[in-house]
Amino acid sequence: SGCSNTTMAPSSSWHRLAVFAVLCSGLIVLWVCSQSEAAVYQGVGKCRHKDKIFKPGQKFQRGCDKCYCAEGGYFCVTPMRPTSWPKKCKPVQMDCGYRIVYRSHPEKECRAYSWVG
C-alpha cells in the first residue's frame with residue numbers, strides 16, 4: 001500500500017492520515033494510510049456521536065478513534081497495537097496509541113515488526 005509501518009503516537013495529527021473513499025455502484029472502497037497501518041470500521045446512516053450530528057467532510061473523535069463523516073455514514077480509524085519489535089526496542093503506551101523506542105535512547109523511535117487492530 002505504500003504505507004510505512006512505523007509508530008502511531010497520540011501526537012499524530014489529522015493531516016498525517018489519508019483516507020480515500022470512492023462510491024461506485026453502491027460499493028465503497030476505502031484506503032487508509034497513516035504512521036502505522038490502522039484498523040478501519042464504518043457506520044451507516046446519520047453521522048452522529050454523543051447527540052451531535054456531523055455533516056459530510058467533518059471529522060470527530062470517538063475515544064481514541066478518529067472518524068470522518070461522509071455521505072450516508074462515517075468511517076473511523078482505530079490506533080493499532082504493536083505485537084513484535086526488535087529486542088533493542090520497547091513499546092511505550094501513550095494515551096491513544098503506542099510508540100516503539102530504543103531501550104538505550106528512549107527519545108528515538110524504533111520500527112515495530114507487526115501490529116494488530
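Formation of a donor-acceptor pair under 3.5 Å by the Thr83 side chain with backbone atoms of Val116 is not found in this model. Side-chain N or O atoms of Arg103 include one that pairs as donor or acceptor with a backbone N or O of Lys87 at under 3.5 Å.
Under the side chain to side chain donor-acceptor pair (under 3.5 Å) criterion, Ser104 pairs with no residue, sequence neighbours left out.
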_Does Val101 form a side-chain contact (heavy atoms from CB on, under 4.5 Å) with Glu107? I'd like the steps, not just the answer._
CA-CA 7 Å; Val101 299; Glu107 71 282 355; over 6 Å; no
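The minimum heavy-atom distance between Phe60 and His49, with the atom names listed, is CE1-CB, 3.6 Å. The two residues Glu109 and Tyr102 have their closest heavy-atom pair at O-CE1, 3.3 Å. In terms of heavy-atom proximity, Pro79 sits nearest to Gly97 at CB-CA, 4.4 Å. When all heavy atoms of Tyr113 and Trp85 are compared, the closest pair comes out as CE1-C, 3.5 Å. Closest of all the heavy-atom pairs between Phe75 and Ala70 is CE1-CB, 3.7 Å. Considering every non-hydrogen atom in both Arg62 and Cys76, the closest pair reads CD-SG, 3.9 Å.
Note that CZ of Arg81 is 9.5 Å distant from OG of Ser114, once rounded to the nearest 0.5 Å. The line from NZ of Lys59 to SG of Cys67 is 12.0 Å long, rounded to the nearest 0.5 Å. Atom NE2 of His105 sits about 11.0 Å away from atom SG of Cys89, to the nearest 0.5 Å.
Residues Met94 and Arg99 meet the side-chain proximity criterion, which asks for heavy atoms closer than 4.5 Å.
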